[in-house]
Amino acid sequence: MRLGLALGYWGRGPSPAHLDLAREAERLGYDSVWTAEAWGSDAFTALTWIAAHTSRIRLGTAVAQMAARTPTATAMHALTLDHLSGGRMMLGLGLSGPQVVEGWYGRPFPRSPLTATREYVDVIRQVLRREGPVTLDGRFHAHPYAGEDGTGLGKALKPITHPLRPDLPILLGAEGPRNIAQTLTIADGWLPLYWSPDRWAEVYALPGTLPEGFTVAPMVRAQVCEDVTAGLLPVKAMLGFYIGGMGHAARNFHADLMGRMGYGKEAGRIQELFAAGRREEAVLAVPDAFADEISLVGPRERIAERLDAWRRGPVTDLLVTSPDPATLRVLAELNS
């Protein structure tokens, strides 16, 4: 099981610690470092900065939002950074949800998310293969554009720049059962959310055998500490925001996943509190048992014991979220 460092997206501003953490992860032998985006900092710029200050560690987006760019623009980002980094780029994509797509990106959330995702990946793969002009008679991503509001002058094109790797890895952040099933057929890897090392089979209903070479890379919040309850607070804060604030009450994929993991009533309560502006109460309403199940928190001995459970499943890459270099070092030692 390889280790990766998940830096996420910026908050109020850029974190001065991110570059140092990335360098330390590379020094410790971590395989990859990942950036993200929501409605603030973008994933590719920060990743390019890290690429310029590292030499070996692989670079991934977990995730770049599909609504933020056309698939050809995303392919341009990926092939450019792949060249600049010497072939270290991995493209992680996510569809997000209606609240963000329509509220921030100002675009309609696709009525058929599976079709939209499949078309998006198809276009990117055509760009990276560069076997001919990009063409797709798509419902959401037609190339050339053929809508009634177009000029009719669009021409199918292939990239001027020759991609470094036609097989640049594409991973998808998928939560629902049908989305996960499609991910296994069209992507090179999967970025699951809220991974339970003991209940992944029942939660995600994965097939007995995954495609050869397929990457399974869940994120995990890690913290070496003596007080488990205190160490779980950042995990609960993250969950409170994702469950309560990142999605509409009527359609929140993160809350749906929490429900499938047996915490549906608690997810509803978190949403109610967050919507009422009672955010601290929403965080405290996150069950400790749920936060603990999907994280690695506590003394070194406890983390060592629980890390074995993560290794027993299909996880190929564990993407660690931690602002603490000492925690990164302990995980590297335990995973060696």
Side-chain angles (χ1 to χ4, degrees), residues 1-11 14-36 46 50 53-54 56-60 62 191-200 216-243 258 261 263 280 283-336:
M1 186 176 68
R2 296 178 295 256
L3 293 180
L5 170 66
L7 294 173
Y9 45 77
W10 298 350
S15 171
H18 277 185
L19 184 55
D20 289 339
L21 286 171
R23 286 169 160 170
E24 178 66 4
E26 182 173 63
R27 189 190 68 80
L28 290 169
Y30 278 58
D31 179 75
S32 57
V33 58
W34 303 73
T35 57
I50 292 168
H53 292 83
T54 56
R56 177 199 56 78
I57 197 165
R58 293 196 297 163
L59 312 157
L191 297 161
L193 194 65
Y194 310 157
W195 183 268
S196 168
D198 299 314
R199 297 195 295 137
W200 57 267
V216 179
M219 292 188 190
V220 60
R221 173 78 185 198
Q223 181 65 50
V224 177
C225 59
E226 293 302 317
D227 188 337
V228 174
T229 301
L232 288 175
L233 282 176
V235 185
K236 296 175 67 168
M238 176 273 293
L239 289 169
F241 176 66
Y242 271 70
I243 303 301
M258 186 175 173
M261 296 183 75
Y263 296 95
E280 291 185 8
V283 169
L284 294 177
V286 176
D288 281 9
F290 178 51
D292 191 36
E293 181 178 0
I294 63 171
S295 62
L296 287 167
V297 172
R300 179 188 176 109
E301 296 75 16
R302 186 176 194 264
I303 290 178
E305 180 180 347
R306 299 197 67 239
L307 195 61
D308 286 337
W310 292 80
R311 292 194 192 95
R312 287 194 294 268
V315 173
T316 61
D317 296 74
L318 190 62
L319 310 187
V320 179
T321 299
S322 178
D324 176 29
T327 294
L328 299 182
R329 184 170 58 254
V330 167
L331 284 172
E333 293 168 355
L334 294 175
N335 198 55
S336 62

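Along the sequence shown, residues are numbered consecutively beginning with 1.
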Got a second to check how far [X]'s [atom1] is from [Y]'s [atom2], nearest 0.5 Å?
{"X": "L19", "Y": "H53", "atom1": "CG", "atom2": "NE2", "result": "5.5 Å"}
{"X": "T35", "Y": "H18", "atom1": "OG1", "atom2": "NE2", "result": "10.0 Å"}
{"X": "L232", "Y": "C225", "atom1": "CG", "atom2": "SG", "result": "7.5 Å"}
{"X": "T321", "Y": "Q223", "atom1": "OG1", "atom2": "CD", "result": "11.5 Å"}
{"X": "L191", "Y": "L319", "atom1": "CG", "atom2": "CG", "result": "6.5 Å"}
{"X": "R221", "Y": "L296", "atom1": "CZ", "atom2": "CG", "result": "11.5 Å"}

Test your reading of the model: is there a side-chain donor-acceptor pair from [X] to the backbone of [Y], 3.5 Å cut-off?
{"X": "T54", "Y": "R23", "answer": "no"}
{"X": "R311", "Y": "M1", "answer": "no"}
{"X": "Y30", "Y": "L328", "answer": "yes"}
{"X": "T327", "Y": "V224", "answer": "yes"}

Are side-chain heavy atoms of [X] and [Y] found at a separation under 4.5 Å?
{"X": "Y242", "Y": "M258", "answer": "no"}
{"X": "E26", "Y": "I50", "answer": "no"}
{"X": "V220", "Y": "R306", "answer": "no"}
{"X": "V286", "Y": "M238", "answer": "no"}
{"X": "W195", "Y": "L318", "answer": "no"}

Shortest non-hydrogen contact from [X] to [Y]?
{"X": "L331", "Y": "A222", "value": "CD1-CB, 3.7 Å"}
{"X": "G313", "Y": "W200", "value": "CA-NE1, 3.8 Å"}
{"X": "V228", "Y": "V297", "value": "O-CG1, 3.9 Å"}
{"X": "D198", "Y": "A309", "value": "OD1-CB, 3.9 Å"}
{"X": "I57", "Y": "A22", "value": "CD1-O, 4.3 Å"}
{"X": "G298", "Y": "I303", "value": "O-CD1, 3.5 Å"}

Apply side chain to side chain contact (heavy atoms under 4.5 Å, CB included) to V216 and D317, showing your working.
CA-CA 6 Å; V216 179; D317 296 74; over 6 Å; no
Please indicate whether E333 has more than 12 foreign heavy atoms, meaning atoms of other residues, nucleotides or ligands, lying under 6.0 Å from its CD.
yes
Do the ring planes of Y263 and F290 sit parallel (below 30°), tilted (30 to 60°) or perpendicular (above 60°)?
tilted
Apply side chain to side chain contact (heavy atoms under 4.5 Å, CB included) to residues L193 and M219 and explain how you reach the verdict.
CA-CA 7 Å; L193 194 65; M219 292 188 190; 5.8 Å; no
R27 vs E24, salt bridge (charged side-chain N to carboxylate O under 4.0 Å, His left out): CA-CA, chis, key distance, verdict
CA-CA 5 Å; R27 189 190 68 80; E24 178 66 4; 2.8 Å; yes
